[in-house]
Structure formats: C-alpha cells, structure tokens
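Worksheet: one structure, shown below.
Counting starts at 1 for both ligands and their atoms, following the listed order. In this chain, residues are counted from 1 in sequence order. Predicted, not measured: the structure shown is a model, and the values here were computed from it.
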Amino acid sequence: MTARVGIVGAGPVGVVAAIACARKGMRVTLFEAEREIDHSPRAATTHPSTLEMLAELGLLEEFQSLGLVARHFQFWDGATKTLVAEFDHEMLRDETPYPFVVQAEQHKLCALGLRRLSAMPDVEVRLGTSVADVAQDAKGALVTTESTEQYLFDYVIGCDGGRSTVRKCLDVAFEGYTWPERFLVLTTLFDFQSALGCCPRSYISDPEEWTNLFKVTGDDLKGRWRAVFPARQNESDEQAFSDAAVCRRLGRLSDGHLIELVVHRNIYRVHQRVAKSFRKGRVFLAGDAAHVNNPVGGLGLNCGVHDAMELAETLHQVASGQAGEDLLDRYERRRRPLNIEYVQEQTVANKKRLEERDPKVRQAHFDELRRTAADPVLHSRFLRRTSLIESVRRAREIA
Ligand SMILES: Cc1cc2nc3c(=O)[nH]c(=O)nc-3n(C[C@H](O)[C@H](O)[C@H](O)COP(=O)(O)OP(=O)(O)OC[C@H]3O[C@@H](n4cnc5c(N)ncnc54)[C@H](O)[C@@H]3O)c2cc1C
C-alpha cells in the first residue's frame with residue numbers, strides 16, 4: 001500500500017523532504033502556514049555533501065544557476081586586516097563531484113522545490129494552512145489545521161522550524177541554550193572582493209567585533225554581500241539599524257570606505273539546541289524543528305536537508321516492506337548524534353574562534369589554521385568535516 005506522508009512546513013527542509021518522499025512513490029501533503037515563501041535573508045551556503053543530494057533529486061542544475069560557485073573560503077585577522085588561511089574545496093576533487101559550495105539564498109531552494117512539486121503526481125501543497133495539532137494512534141497520525149480540517153497519515157514529518165508546533169505536540173524537550181548576544185545581518189551592494197581582496201566566503205576574527213562575510217547573488221543575480229556581526233549587549237534594534245551604527249560597522253570592515261548601499265538590515269536571536277528525541281511513533285522531526293545552531297559555518301540548513309534525505313529513504317524502506325518498523329529508530333540513532341558532533345560542535349567552535357579575545361589563544365587558533373591549510377592531508381580532512389562529507393560517511397556506519 002502507498003504510504004501517506006504529511007509534512008508540516010515548506011521551508012527548505014520540508015520542500016526537500018516532500019520531493020524525496022514523492023520520488024519514492026509516497027503520497028505527500030505539504031502544509032505551509034504562510035501564503036508565500038519567506039524571502040528574508042537566512043541560510044545561503046550549500047556544501048558539497050548537500051549538492052550531491054540535490055543532484056540526486058534532479059534539482060542541482062537549476063539551483064546552481066541561481067547562485068554562485070565558491071571554491072575557496074578564508075579566515076582573516078580583522079585586527080590587522082591580514083589573511084590567515086585559505087581553504088580550497090578543489091582538494092576534495094577525488095571525494096565529491098562538487099568540490100565547491102553554492103552560495104544561493106534559501107528561498108530560491110524553496111521556490112524551485114515548490115515548482116517541482118506542483119508537477120509531481122500524488123502531491124498536494126497547502127499554502128496558508130497552519131497546523132495546530134498532531135495526534136496519533138495505532139491507525140495513523142492525525143493532523144488538525146487551525147481551521148479544524150483533519151487529515152490522516154501513516155507518517156508525519158515536522159519541518160516547521162525552530163518554534164515547531166509538531167515538536168510541542170510531541171512534548172519533546174528542545175535542549176540547549178540561547179546566546180546572550182543577537183546577530184545583526186547587513187546586506188550591501190558594496191563589493192568587498194574588489195575593495196579588500198577577500199573571497200565570497202570570509203570569516204573575520206576580531207576581538208572587538210567579528211564578522212561572517214559572504215556574497216550571494218540576489219534575486220537579480222547581480223551580487224550583494226551579507227555581513228553578520230554580533231550585536232552589542234543591550235543594543236536595541238533601532239540602535240543597530242541606525243545609519244551611524246551601520247556606517248561604523250561596515251566602514252570598519254571595509255577599511256574606511258563609505259558604504260551607503262545597504263539593502264537589508266536584520267537582527268535575530270541565536271540558539272544551540274537539539275530535540276531530546278527526533279521520533280515519537282509515527283511522527284518525526286527534521287531540520288530546525290529538530291536542531292538549531294548559530295550560522296557560522298553555514299551548517300544548519302545543510303544538516304536539515306540531510307535529515308530529510310535520510311528520513312525519506314527510511315520511510316520508503318519500511319513502507320515498501322523492505323525493512324521492519326524497527327528501522328524507524330535508526331533515523332534518530334543517526335541524525336541526532338551526528339548533529340551534535342558535526343553541527344553543534346563545529347558552529348560553537350567557529351563562533352569562539354572568531355570572537356576570541358585572549359591574544360595568545362587567538363594566535364594559537366591562527367597558527368593551527370595556517371598549519372592545517374599548508375598540509376594537504378590536514379587540509380582535506382578539515383574540509384571533509386566542514387562540508388559534512390565525513391558526517392554522511394559516518395551515518396552509513398550507524399546501523
Ligand atoms: C533570521 C535567521 C537567519 C539565519 N541565517 C542563517 C545563515 O546565515 N546561515 C545558516 O546556515 N543558517 C541560517 N539560519 C538558519 C536556517 O535559516 C535554517 O537552518 C533553515 O531555514 C532550516 O530550514 P527548515 O526548513 O528546517 O525551517 P524553516 O526555514 O524555519 O521553515 C519552517 C517552515 O515551517 C512553516 N511553519 C511553521 N509552523 C508551521 C505550522 N504550524 N504549520 C504549517 N507550517 C508551519 C514556516 O512558515 C516555515 O516556512 C537563519 C535562521 C534565521 C531565523
């Protein structure tokens with residue numbers, strides 16, 4: 001019998017989960033609370049391991065055409081404006097067909113995915129439909145929308161983001177902590193690459209104020225830069241968004257260039273949290289509903305897409321009778337520890353490396369980065385970890 005799968009949330013993870021499940025012959029209903037895709041600046045880096053998955057779903061070519069290919073990433077010492085180390089994905093040429101990242105805004109993946117879903121059989125996308133409750137018994141999982149419509153599924157996947165209603169319905173704890181400082185994102189048309197010589201993914205360590213600087217294409221494909229900064233303690237939205245504060249931050253970063261072309265200002269709270277459980281019975285959590293992290297390293301969305309692919313394959317094996325129901329537990333056995341080891345640990349270490357204030361510790365970080373970049377074996381190992389290639393391989397080892 002064809003399995004019926006309800007997916008809550010049409011963010012990037014929900015859309016990928018829907019396509020992956022539909023391609024495996026499941027009947028999919030995708031619920032999205034909003035009537036339109038959220039275009040606010042969020043994740044933008046898609047790593048080689050995730051590109052392989054998008055290729056498997058037939059999405060890569062179009063996705064890549066909407067973004068820019070970034071082969072390198074760099075670490076800079078912001079205090080002296082000097083390059084510390086550069087990493088080159090080409091070192092992974094023998095390990096992946098895609099030795100680069102694609103910098104493309106996450107709403108482009110959602111839009112592309114929704115277009116594909118609209119042409120797939122046995123798929124229903126319900127925009128503007130907020131899910132209010134999920135309950136389950138031996139017969140199935142029952143989804144109730146805010147307008148009290150009810151739908152019965154064999155399985156439900158909660159891809160409804162960090163504040164997940166599905167996770168709350170399951171009464172699953174979201175363990176971890178919230179960083180005291182908020183993150184400020186400024187998007188500008190100023191071209192940092194021409195002015196400063198940095199590459200489209202640059203991490204700038206600075207004891208006074210670190211920056212995660214990267215280029216995206218924008219909807220017009222003309223290119224723009226996003227700079228992520230820590231907001232100061234007690235800095236209000238108005239203060240952070242004021243022209244004076246924006247000019248100070250971007251001016252300091254750009255060596256005094258006057259940056260007037262700011263196209264977007266955003267500020268948000270950042271958490272490191274992992275759901276205590278990724279599955280209860282017929283209901284699963286994936287993406288930000290299961291785990292959230294700071295954006296330094298660009299790992300959250302990538303890990304969510306990996307969840308979606310793992311879950312689609314697991315449900316397919318069980319629904320098609322190739323495996324028994326006990327395989328469903330493997331999803332959590334694989335995805336939860338790998339998120340902690342590869343996403344939580346790396347993003348916390350990345351943030352600490354950028355914000356370190358102790359000169360000796362800063363110097364030790366820089367020395368280690370230089371040593372790693374200079375040694376081909378260490379360089380490749382480092383990239384296998386940052387690109388999540390290693391975590392995909394580790395997943396296969398967990399029975
Ligand atoms: C402001 C901000 C900036 C970020 N910046 C970065 C970054 O620079 N780099 C990075 O790697 N990551 C970043 N992230 C994290 C990244 O955006 C997420 O990891 C990614 O969006 C996860 O995708 P998702 O599909 O799991 O969840 P989401 O993208 O949050 O999608 C969840 C979807 O579920 C829908 N939904 C919610 N509740 C319901 C309901 N009850 N019923 C139906 N639908 C529902 C929502 O409307 C939404 O469309 C950022 C996150 C935020 C909030």
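- Of all protein heavy atoms, the one lying nearest to atom 14 (N) of ligand 1 is Ala43 N, 4.2 Å.
- The protein atom (non-hydrogen) at minimum distance from atom 11 (O) of ligand 1 is Gly298 CA, 3.5 Å.
- The ligand atoms of ligand 1 that sit less than 4.0 angstrom from a heavy atom of Gly161 are 27 (O), 30 (O), 32 (C).
- Side chains of Thr80 and Asp77: a donor on one and an acceptor on the other come within 3.5 Å.
- The atoms of ligand 1 that sit less than 4.0 Å from any heavy atom of Gly287 are 26 (O).
- Between the Arg4 side chain and the Arg27 main chain, no donor and acceptor come within less than 3.5 Å of each other.
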Gln363 and Asp367: side-chain hydrogen bond (donor to acceptor under 3.5 Å, both in side chains), yes or no, with the steps?
CA-CA 6 Å; Gln363 195 52 50; Asp367 290 345; 3.2 Å; yes
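- Of the N or O atoms in Arg42, one or more lie within a sub-3.5 Å distance of an N or O in ligand 1.
- Ring geometry, Trp210 versus Phe183: the interplanar angle exceeds 60°, so the pair is classed perpendicular (tilted spans 30 to 60°).
- With a heavy-atom cut-off of 4.0 Å, Asp38 does not touch ligand 1 at all.
- Not one N or O of Glu34 is nearer than 3.5 Å to an N or O of ligand 1, by distance alone.
- In terms of protein heavy-atom proximity, atom 31 (O) of ligand 1 is closest to Gly11 CA, 3.5 Å.
- Note: an N/O pair closer than 3.5 Å links Val131 and ligand 1 by distance alone.
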Between Glu149 and Thr144, does the side-chain contact (heavy atoms from CB on, under 4.5 Å) criterion hold? Intermediate values first, please.
CA-CA 6 Å; Glu149 291 169 320; Thr144 306; over 6 Å; no
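- Heavy-atom proximity to Phe31, at under 4.0 Å, picks out these atoms of ligand 1: 43 (C), 44 (N).
- Only the side chain of Gln106 comes within 4.0 Å of ligand 1, counting heavy atoms alone; its backbone N, CA, C and O stay farther away.
- In this structure, the protein non-hydrogen atom closest to atom 34 (O) of ligand 1 is Gly9 CA, 3.2 Å.
- By the 4.0 Å heavy-atom criterion, Val228 is excluded from the residues contacting ligand 1.
- Ring geometry, Tyr151 versus Phe153: the interplanar angle falls under 30°, so the pair is classed parallel (tilted spans 30 to 60°).
- At the top of the distance list for atom 7 (C) of ligand 1, counting protein heavy atoms only, stands Pro295 CB, 3.4 Å.
- The aromatic ring centres of Phe87 and His379 sit less than 6.0 Å apart.
- Ligand 1 has a nitrogen or oxygen under 3.5 angstrom from a nitrogen or oxygen of Val13.
- When the heavy-atom distances from atom 15 (C) of ligand 1 to Leu285, Val343, Asp288 are ranked, the shortest goes to Asp288.
- Under the 30°/60° scheme for interplanar angles, the aromatic rings of Tyr203 and Phe73 are found to stand perpendicular.
- The closest approach between any non-hydrogen atom of Cys159 and ligand 1 is below 4.0 Å.
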Working for side-chain contact (heavy atoms from CB on, under 4.5 Å), residues Gln272 and Trp179:
CA-CA 8 Å; Gln272 304 283 158; Trp179 292 102; 3.1 Å; yes
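- The protein heavy atom nearest to atom 5 (N) of ligand 1 is Tyr268 OH, 3.3 Å.
- If you look at Thr165 next to ligand 1, the close heavy atoms, those under 4.0 Å, all belong to the side chain.
- Residue contacts with ligand 1, taken as heavy atom pairs separated by less than 4.0 Å, involve Asp160 via backbone and side-chain atoms alike.
- Test Arg248, Arg252, Arg249 against Glu208 for salt bridge (Lys or Arg N to Asp or Glu O under 4.0 Å) and you get one pass: Arg252.
- Those atoms of ligand 1 that come under 4.0 Å of a heavy atom in Thr129, given as number and element, are 43 (C).
- Heavy-atom contacts of Leu301 reach the following atoms of ligand 1: 19 (O) (cutoff under 4.0 Å).
- Checked against a 3.5 angstrom limit, the closest N/O atoms of Ala33 and ligand 1 fall inside it.
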Begin from the C-alpha positions of Phe63 and Glu61 and carry the test side-chain contact (heavy atoms from CB on, under 4.5 Å) through to its verdict.
CA-CA 6 Å; Phe63 179 67; Glu61 201 178 325; over 6 Å; no
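- Once rounded to the nearest 0.5 Å, the distance linking CD of Glu345 with CG of Asn339 reads 10.0 Å.
- Applying the side-chain contact (heavy atoms from CB on, under 4.5 Å) test between Thr145 and each of Val8, Thr129, Asp133 identifies Thr129 as the sole match.
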Phe75 and Glu86: CA distance, side-chain angles, deciding distance, side-chain contact (heavy atoms from CB on, under 4.5 Å) verdict
CA-CA 6 Å; Phe75 288 92; Glu86 177 174 89; over 6 Å; no
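- Not one N or O of Arg226 is nearer than 3.5 Å to an N or O of ligand 1, by distance alone.
- Protein heavy atom at the shortest distance from atom 35 (C) of ligand 1 is Glu32 OE1, 3.3 Å.
- Distance from atom 23 (O) of ligand 1 to its nearest protein heavy atom, with residue and atom name: Pro12 CG, 3.6 Å.
- Between the side chains of Glu310 and Tyr331, no donor-acceptor pair is found at a separation under 3.5 Å.
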